[in-house]
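Notes for the one structure printed next.
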Amino acid sequence: MKKIINKFHFKWMMRTHYTNQLKDLENGTYVTICGWIQEIRNIGNIAFIIVRDREGIAQVTLLKNDHGDEEFQKIVSLSRESTICVKGKINKNTKSKLGVEIYPEKIDILSIAEAPLPMGVVDKVSVDIETRLNERFMDLRRPEVLSLFKVESSLGKSIRRTLEEDGFLEVHTPKIIATATEGGTNLFKVKYFEKDAYLVQSPQLYKQIMMAAGFDRVYEIAPAFRAEEHNTTRHLNEFISIDIEMSFATHEDAMSLLEKVITNAIEFVIKNNKDDMNRLNLNWKIPERPFPRVTYSELLDYVNKNGVEMKFGEDFSSEALELIGKKYKEFYFITRWPMETRAFYVMPCEDDPTFGKAFDLQYGEREITSGAQRNHNYNSLKENIEKKGLDPKSFEFYLEAFKYGMPPHAGWAIGLERLTMILTGVKNIREVTLFPRDRKRVVP
RNA sequence: GCCCCGGUGGUGUAGUGGCCUAUCAUAUGGGUCUGUCACACCCAUGACCUGGGUUCAAAUCCCAGCCGGGGCGCCA
C-alpha cells in the first residue's frame with residue numbers, strides 16, 4: 001500500500017504521470033495521462049491529439065489502422081477542452097517537436113466540452129480582461145495565466161518558509177470586528193445577528209495584541225477588506241495580506257527581516273519556477289542586501305528640486321513617485337515619515353517626534369509594503385489616537401493590552417497580489433487574482 | 001467622488017449618414033489529406049447593448065438607460 005510510484009502518489013489515482021514527466025521515461029513504458037484536449041490535428045488516417053494538464057502538454061498519436069474507422073472517427077470528433085484519460089505506450093522515436101508521444105491503447109472520455117467555447121484557450125485572438133474574468137475558469141487553463149499563479153504560489157510558500165524558519169508563529173485573527181478599527185479606510189458593514197459589524201481592513205490591532213500576549217513573533221496570511229471606491233489597476237477590495245509582528249524589535253529589525261523575506265522569495269522562484277519565468281519572460285536577479293534607505297525629507301527635496309511641487313506632510317503623489325522611480329529603479333526603503341502622514345500606532349523618533357519610525361518598501365515607482373516600529377507606550381499611544389481625531393473608547397480592547405506589560409515591537413504587511421504584480425510586471429492586479437473583487441465585480 | 005473613453009457573430013476587430021444584403025481573423029459544422037506541431041486547402045454557419053428621437057435613409061448623429069474600460073483622487 002505504501003509503495004510510491006512517483007513523488008505525487010499517483011498509484012491511487014487515474015493518472016500515472018503528468019505530461020512533463022514523459023520525456024524522462026524509457027521507450028515503451030505504459031503510462032496514463034489525464035487532462036484536456038487542447039487541439040486535434042486530423043490529417044486523415046492519422047491524428048494528433050494534444051492533451052494538456054497542469055504541468056504541460058503531450059501528443060497522443062492516433063492511427064486509423066490501429067483503431068479502426070469507427071473508433072478513430074469517434075475520437076477525432078471530440079470537442080476541444082473535453083477531458084480524457086489516455087493509457088498508452090511511450091514512443092520516443094517520434095517526429096514530434098515535443099520529443100515524445102503516446103501511442104494510445106485506451107482512451108477514456110470523462111467529460112465532453114460544449115462548443116463553441118466561451119473563450120479560446122489557445123486561440124490566436126486576444127481576449128479582453130473583462131471576458132477573461134467572466135470566464136475565469138477557462139482563462140485559468142491558459143499556460144501563461146497558470147504560470148502567474150504558480151509564481152504567486154511560490155512567493156507565498158517561500159515567505160511562509162522564511163518566517164517559519166525565523167521562529168514566527170502562524171496565527172488567525174478575526175475577520176469580523178465590532179468597531180471601525182483605525183479610521184481612514186472605509187469598511188464593509190455586515191449584519192451580525194442583532195448587531196452591526198465590519199470586515200477587517202487589516203489585522204494590525206490584533207497582531208499587536210499578540211505581542212502583549214507574549215507570542216513574540218507572529219504572522220498571518222489572510223484576506224483584508226477595504227470598501228474604497230477606487231477604480232484602478234492596482235487596487236482590490238479584497239486582497240491577501242501577509243502580516244508580521246515581532247517583539248523586542250525596532251523598525252530596523254523589521255526592515256532587515258523584510259529584505260530577507262523578499263530576497264529569499266525571489267531566489268526561491270528563480271530556483272523553482274524556471275519554466276514559468278521563461279513563459280512569462282521574466283529575468284530576475286537576486287537583489288543585493290541591504291536595500292538603500294532614503295528618508296522622506298531627502299525625497300521631498302528631490303521631487304521639489306525636479307519640478308514636482310510637494311509640501312511637507314503630504315504623501316508622495318503618483319507623479320512624485322514616478323520621478324523618484326527614475327532614480328531608484330529597484331528595491332529601496334523610504335524611512336522617517338512625518339507622523340502626520342502615518343497611523344497613530346507608529347513610534348515617534350526619539351530625536352524628533354515630528355517624524356516616526358515608519359518605512360515603505362518601494363520597487364521603482366510602486367509601493368510594496370508599509371511597516372513601522374509601533375508605539376508601545378500606553379499614554380503616548382492614547383494621545384496619538386486623540387490627535388488623529390479618533391475616539392480612544394472604541395479602541396479600549398486594544399489599549400488594554402498596552403497597560404500590563406507591552407514589549408517594544410515592530411512589523412509590516414505585504415499585499416500578496418501587489419507583490420506578485422510588481423515582480424511579474426503585469427499591468428493589472430486582477431491578472432494575479434483568481435477571482436478579483438473590485439468596485440464593480442462580485443462574480444464569479 | 002472627479003475627468004475621459006467604449007459597447008458590432010462564441011472570441012478579437014473593420015466600418016464616423018446611402019458604397020453594409022456589415023470587413024477580416026479566429027471559432028463552430030461539413031469535406032479532402034498517414035507525421036502534424038500556428039497543419040493546409042475547399043464549402044457553410046454566425047453579430048450592430050436597450051429604449052426613444054432626428055432624417056427620404058442610422059452600426060454611424062442626438063437624448064436617456066444599462067453594462068464596461070482607462071486616468072486621477074482616496075488607499076491605517
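Letters go in sequence order (proteins before strands), and every chain restarts at 1. Quick caveat: nothing in here was measured; it's all calculated off a predicted structure.
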In whole angstroms, the gap separating P of B:G71 from CD of A:Glu319 amounts to 16 Å
Below 4.0 angstrom from OP1 or OP2 of B:U36, is there any side-chain N or O of A:Arg41?
-> no
Note: for A:Thr61 and A:Leu117 on RNA chain B, the residue whose nearest nucleotide lies more 5' is A:Leu117
Query raised in the report: Within the structure shown, what part of the strands sits under 4.0 Å from A:Lys440 by heavy-atom distance: base, sugar-phosphate, or nothing?
Result: sugar-phosphate
| request: Would you check if the distance from the ring center of A:Phe312 to the ring center of A:Phe355 is below 6.0 Å? | output: yes
Here the distance between atom C1' of B:G10 and atom CE of A:Met119, to the nearest Å, is 12 Å
Among the nucleotides B:G35, B:G12, B:A76, whichever has the atom closest to the side chain of A:Gln201 is B:A76
Closest to the side chain of A:His230, out of B:U11, B:C39, B:C74, is B:C74
- Query: How far, in whole Å, is B:G12 from B:C48 if one measures between their P atoms?
  - Reply: 16 Å
A:Ile57 atom CD1 is separated from B:U36 atom C1', nearest whole Å, by 13 Å
field: Lys/Arg-Asp/Glu bridge criterion (N-O < 4.0 Å) met for A:Lys175, A:Glu220
entry: yes
Quick test of your reading of the model: are A:Glu144 and A:Arg142 salt-bridged, counting only N-O distances below 4.0 Å? yes
Which of B:G73, B:C39, B:G70 is nearest the side chain of A:Lys124? It is B:C39
NA contact type, A:Asp315, heavy-atom cut-off 4.0 Å: base, sugar-phosphate, or nothing?
nothing
Exercise for review: Would you indicate what A:Gln59 reaches in the nucleic acid, counting non-hydrogen atoms under 4.0 angstrom: base, sugar-phosphate, or nothing?
Suggested key: base
Note: for A:Ile50 and A:Asp123 on RNA chain B, the residue whose nearest nucleotide lies more 5' is A:Asp123
Item checked: Intermediate values then yes/no, side-chain contact (heavy atoms from CB on, under 4.5 Å), A:Ile221 and A:Leu416 -> CA-CA 9 Å; A:Ile221 301 176; A:Leu416 177 61; 5.6 Å; no
From CD1 of A:Ile49 across to C1' of B:C39 the rounded distance in Å is 15 Å
Between CD of A:Glu229 and P of B:G71 the distance, given in whole Å, is 17 Å
For B:C24, the nucleotide meeting Watson-Crick or G-U wobble distances (both under 3.5 Å) is B:G12
Out of B:G71, B:C75, B:G68, minimum distance to the side chain of A:Glu228 belongs to B:C75
Here the distance between atom C1' of B:C74 and atom CZ of A:Arg226, to the nearest Å, is 12 Å
Rounded to whole Å, the CG-P distance (A:Leu321 to B:C74) equals 12 Å
Of B:G12, B:C39, B:G35, the nucleotide closest to the side chain of A:Tyr103 is B:G35
Check: A:Asn428 near the nucleic acid: base, sugar-phosphate alone, or nothing, with a heavy-atom cut-off under 4.0 Å?
Finding: sugar-phosphate
Notebook entry, point to check: Between A:Arg430 and B:G68, does any side-chain N or O lie under 4.0 Å from OP1 or OP2?
Noted result: no
Closest of B:U11, B:U36, B:U28 to the A:Val127 side chain is B:U11
Q.
Distance check, P atoms only: B:U11 and B:G69, in whole angstrom units.
A. 16 Å
(Q) Heavy atoms only, 4.0 Å cut-off, all strands: where does A:Glu135 land among base, sugar-phosphate and nothing? (A) nothing
Requested in this report: Verify the ring-centre separation between A:Phe225 and A:Phe188: is it less than 6.0 angstrom?
Outcome: no
Looking only at B:G12, B:G73, B:U36, the nucleotide nearest the A:Ser317 side chain is B:G73
May I ask you to decide if the ring planes of A:Phe291 and A:Phe331 are parallel, tilted or perpendicular, using 30° and 60° as cut-offs?
-> parallel
| Across the strands shown, which category fits A:Thr233 at heavy-atom distances under 4.0 angstrom: base, sugar-phosphate, nothing? | sugar-phosphate
Residues of residues 77-100 of chain A with a heavy atom under 4.0 Å from any atom of RNA chain B, listed by number, are A:Arg80, A:Thr94, A:Lys95, A:Ser96, A:Lys97
For this session: Quote, to the nearest angstrom, the P distance that separates B:A38 from B:C74.
Result: 50 Å
Testing B:G68, B:G73, B:C37 for proximity to the side chain of A:Ser318, the answer is B:G73
Item to complete: May I ask you to say whether A:Glu367 pairs ionically with A:Arg234, meaning some side-chain N is under 4.0 Å from a carboxylate O?
Response: no
Of B:G73, B:U34, B:G12, the nucleotide closest to the side chain of A:Asn65 is B:U34
Among B:C74, B:U28, B:U36, the one nearest any side-chain atom of A:His235 is B:C74
- Aromatic ring centroids of A:Phe316 and A:Tyr296 under 6.0 Å? yes
From CG of A:Leu187 across to C1' of B:A76 the rounded distance in Å is 10 Å
Enclosure of A:Phe215 CZ (heavy-atom neighbours >12, cutoff 6.0 Å): no
